[in-house]
Amino acid sequence: MFQRNCRTLLSSSSSSSSAAAAAISRRRKILCTNHNANALRRNTDCYYLSGRSYYRSFSSLREEEDVLYEATSSNNNSNNSQTTTTTTITTQQQSPPPPEQSPPPPQQQQQQQQQQEDSDHTPSKPLKEVRKQLWEFYVSTGRGANALFEAIDLREVGEIHPSELKAFLEEVWSGSEHPKEIMPYAWNILELRTKQNSMYTTKTFKQWLIAATKMSADQKNQRTLAYFQQSKGMKEEEDNEDDYSWNSDSMSQSLRRMQYAVRGEVVMRANQLEAEGKNILYTNIGNPHQVGQSPITYYRQVMALCDLPAEVGVDHPSVGDMFPPDVIERAKELRDIIGPSGTGAYTHSQGLLGIRQHVAEFIQERDGGTYPSHAGNIFLTNGASAAIAMVLQGLIGEPNDAVLIPIPQYPIYSAMIAKMGGRQVGYELSEDLNWTVTRNELERCLEKAQSEGLTVKAMAMINPGNPSGNIMTHCDIQTVVEFCASNKIVLLADEVYQTNVYSPHSKFVSAKQVAYDTGLEKELQLVSFHSTSKGLVGECGRRGGYMELHHIDPYVQSQMYKLASSELCSGLQGQIMVSLMVRGPRPGDGSYELYKEETRRIFEGLKERSQKLVRGLNLIDGVCCAPADGAMYAFPRLENLPESVFRRAKELGTTPDNLYALSLLESTGICVVPASGFGQSKGRVGFRTTFLHPDTVRAIDKFREHHYEFMDKYTKLQHDYEQQQEEEEEEEDQQPNDPQQQRQTTTTKDEATTTKTSHEHDDDDLE
C-alpha cells in the first residue's frame with residue numbers, strides 16, 4: 001500500500017542504479033516504515049493507511065530523494081566506465097578522468113574518510129523537517145517512538161549514540177531555553193551515557209523518551225512498579241518481560257508518560273509503611289470521609305429510601321417512625337423520577353431529566369435568578385473528572401491541539417491531555433499576587449504557543465484554586481472571560497470548590513455569571529464543572545458530578561451525547577447525590593435544623609484548620625505559605641534550601657520536592673504531595689497538603705521538627721561538599737605541569753565519578 005502511494009516520487013530506474021535505489025529505499029524506510037508516522041502531516045496529498053488519514057507533501061521527499069539519487073549517480077559515474085541512464089534524470093556528460101595524482105598521506109586520508117562518514121550521517125533539510133515533526137508528534141501524543149528512533153538512527157545500525165541524540169534534540173528544539181533547562185534529569189542521563197559511550201537501543205530509547213517528556217521527574221514508573229508489586233495480595237511474577245506480548249515496549253507510551261501526582265510515589269510509599277505498622281497521616285488528597293468528616297444525615301436517609309424496596313421503605317407503615325416527613329417526601333419524588341426500574345437500572349445517557357432540571361434550577365438561582373440554565377445543556381457524570389475527560393476527548397483532534405492550564409494546576413488536566421494526545425501550555429499564576437493571572441501572561445502564553453505551531457483550543461480555570469487555595473474575584477474572572485471570548489478559546493471552568501470559601505472578604509462568582517454580567521454570554525464558549533466529592537458533601541465514593549455546556553456548537557453537543565452514550569450512563573447513586581447537593585432541605589422542613597448544624601460544623605472546622613495551618617507553616621523559618629481562602633489545600637513554598645538538596649535530588653533522578661516529601665513521610669508519617677506534581681515556577685520548591693484531617697493542625701510541630709532536621713542534614717552535606725571541593729582544588733594546584741600526566745589524572749577521576757554515578761542511575765529506573 002505504502003509503496004504504491006510513493007511511486008510518484010521516483011520513476012523506474014535501470015538496474016545499474018541499484019545503489020541510488022537502495023539509498024532512496026533506506027530514506028523511505030526512515031520516513032515511512034512505521035504507521036505511527038502520522039507526524040508527517042502536510043496540507044496536501046492525502047492517503048490512507050490502516051484506516052487512518054496521513055498527509056504528506058511529497059515535494060520535500062522528492063527533493064531529498066533527487067539529491068540522494070544525483071549524489072549516488074555521480075559517484076557511480078566516477079567509478080564505472082559506462083554512463084548510467086535513467087528515465088527520470090537527464091543523463092549528464094561524464095567529464096574526462098583527472099590526471100593521476102599521488103595518494104594523500106594517511107592522516108589526511110583518515111580525515112577525509114571521517115568527513116565522508118559525517119556527511120553520510122548528516123540529515124538533509126527535508127529530513128530535518130520530518131525529524132522535527134516526528135519529535136513534535138511524540139511530544140503531543142506519546143506515539144511514534146519507533147519511527148522517531150529510525151529517523152535518528154541514520155547509520156541504520158539499530159542503535160543510537162548519545163551524541164547523536166543530543167545533536168538531534170538541539171536540531172529539533174524550538175523553545176527559547178536549552179533542552180537541559182527543560183528536561184534536566186533526562187539531559188543529565190544523556191550526558192552520563194555519553195561519557196560511558198553507552199548506546200541506546202529501542203527499549204532504552206523509549207525509557208529515555210518517557211523521562212524527557214513527562215511533566216516532572218518525581219514519579220518513576222519502575223519505582224511505582226516496585227511499590228505495586230509489594231502491595232498486599234499482588235502475585236509475585238518471576239517471568240521475564242519478554243514472555244509477554246503486552247509489555248512496556250508494546251503498551252501505550254502515552255499511558256507511560258501520564259502522571260497523577262496525588263496518588264504517586266509518595267502515596268505508594270505511605271501505603272507500604274502503613275502496611276508495616278507505621279501510623280500515616282494522609283494529607284495528600286481531598287477525600288473528606290476518609291479522614292473523619294461525617295456524612296450529612298439527610299443525604300444518607302434519602303439515599304437509603306431510594307435504594308430500599310418500597311414495601312420495606314417508603315411504603316412501610318412504620319416508615320414515619322424512622323425518617324422525617326420531608327425525607328420520605330423527597331425520596332418518593334426521586335423514585336418517581338427514576339421510574340419503576342429502580343436504582344439498579346441504566347438511566348438516560350445524559351442523566352435523569354428530573355435531576356438535570358434540579359441542577360438547572362440551582363445554577364439559575366446561584367447566578368442571581370435572571371440568567372437562564374437549561375436541563376438539555378446539563379450532563380450528569382461520574383464526578384467532575386469524568387466530565388473533564390469527556391470534554392478533552394472531544395476537543396483534542398490533532399497532535400498540535402493545545403490546552404492552556406494554570407501553573408500550578410490539578411494534575412487531572414496534564415494527565416488527561418497527555419493521554420488524549422494533546423499539548424499542555426502552562427500559564428503561571430502569580431504567587432506574589434495571591435495566585436492571580438494577568439492578561440499579559442495569557443497573551444504571552446498564547447503568542448508563544450502559536451509561534452510553536454500549536455492551536456490553543458481551550459483554557460482551564462480552577463476557582464477556588466487547587467492546589468493554591470485562592471478565590472478569584474469578579475475582575476479576575478472577567479480577565480479570563482474576555483481573553484477566551486476574543487480569541488475563540490473554549491473556557492473550562494472547574495468550580496468544584498464553590499462552597500469552600502472561608503474568607504469573609506471573598507465570594508464565589510461563576511464564570512457563567514461573569515459572562516452574562518459583561519455581555520459576553522453569546523461570545524464565550526463555556527463548559528463548567530461541579531462535583532459531590534468536594535464542598536461540604538464530601539461523598540467522593542458516590543462519583544457524582546455534572547457539567548453545563550453554554551454556547552457550545554449544537555453539533556458538538558450531539559457528539560458529546562454520543563460519547564456519553566458509549567459509557568451508557570453515569571452511576572445512579574452519584575446522580576441522586578447531585579440532586580441532593582443542589583437541592584437540600586429548605587427552612588421549615590423537618591430535617592433542616594439538623595442539616596444546617598451538620599454543614600455549619602463541617603464548614604467552621606475547615607475554616608479554622610485552614611487559618612491555623614497557614615499560620616503555623618509561616619512560623620517555620622524557611623517556609624512561606626499564601627492564605628488558603630478557599631478549597632481544601634495549602635501550598636507552601638520552601639526557601640533557602642542548601643545546594644546539596646538539589647544535587648542529591650539530581651543524583652537520585654527526582655525533584656527536590658519529592659526528596660523533601662519522602663523525607664517528611666519517613667520521619668513523621670505525614671503524607672503530602674510534591675509541588676512539582678502540580679507544576680510551579682522555575683526554581684520553586686514546595687508541597688501541597690490538605691487541612692481536612694482534624695490532626696493536621698496538631699501536626700504543625702512535626703512539620704517544624706522535620707524541616708529543621710532536614711535543613712541541618714543538608715547544610716552539613718553542603719559543608720562537606722564544599723570542603724571536598726577545596727581539597728580537590730588544592731590537589732589540582734599541586735599537580736605537575738606535564739599535560740600527559742594531567743590527562744591521565746583527569747581520566748581516572750572521570751571514570752571514578754562515572755562508575756559511582758552509574759550505580760545511582762540504573763537504566764531500568766530511568767523513567
Worksheet item: For atom CD of Glu170, is the number of surrounding heavy atoms from other residues, nucleotides or ligands below 6.0 Å larger than 12?
Response: yes
Worksheet item: Cation-pi between Arg647 and Tyr721: NZ/CZ under 6.0 Å from ring centre and within 45° of the ring axis?
Response: yes
Discussion item. With side-chain hydrogen bond (donor to acceptor under 3.5 Å, both in side chains) as the criterion, how do Tyr660 and His707 come out once you've worked through the C-alpha distance, each side chain's angles and the decisive distance to 0.1 Å?
Written reply: CA-CA 9 Å; Tyr660 187 92; His707 185 75; 2.8 Å; yes
Practice prompt. Grab the two heavy atoms, one from Ala649 and one from Leu659, that are nearest each other, plus how far apart they are.
Written response: N-CD2, 4.2 Å
Worksheet item: For the atom pair NZ (Lys206) and CG (Leu148), what is the distance rounded to the nearest 0.5 Å?
Response: 11.0 Å
Discussion item. Checking Gln680 against Asp657 for the side-chain hydrogen bond (donor to acceptor under 3.5 Å, both in side chains) test, could you report, in this order, the C-alpha distance in whole Å, the side-chain angles of both residues, the deciding distance, and whether it holds?
Written reply: CA-CA 11 Å; Gln680 57 188 336; Asp657 318 81; 3.0 Å; yes
Worksheet entry | Which atom of Gly677 lies closest to which atom of Gln409, heavy atoms considered | O-NE2, 4.3 Å
Worksheet entry | Lys166, NZ: over 12 other non-hydrogen atoms inside 6.0 angstrom | yes
Practice prompt. Identify the two heavy atoms, one from Phe635 and one from Pro408, that lie closest to each other, and give their separation to 0.1 Å.
Written response: CE2-CG, 3.7 Å
Worksheet item: Roughly how far, to the nearest 0.5 Å, is the OG atom of Ser451 from the CD atom of Glu447?
Response: 7.0 Å
Practice prompt. Provide the closest heavy-atom pair for Val266 versus Leu665 in the form atom of the first, atom of the second, distance.
Written response: O-CD2, 3.5 Å
Practice prompt. Could you tell me which non-hydrogen atom of Leu392 sits nearest to which non-hydrogen atom of Val403, and how far apart they are?
Written response: CD2-CG2, 4.0 Å
Worksheet item: What closest approach, in Å, do Val425 and Ala449 show between heavy atoms, and which atom pair accounts for it?
Response: CG2-CB, 4.0 Å
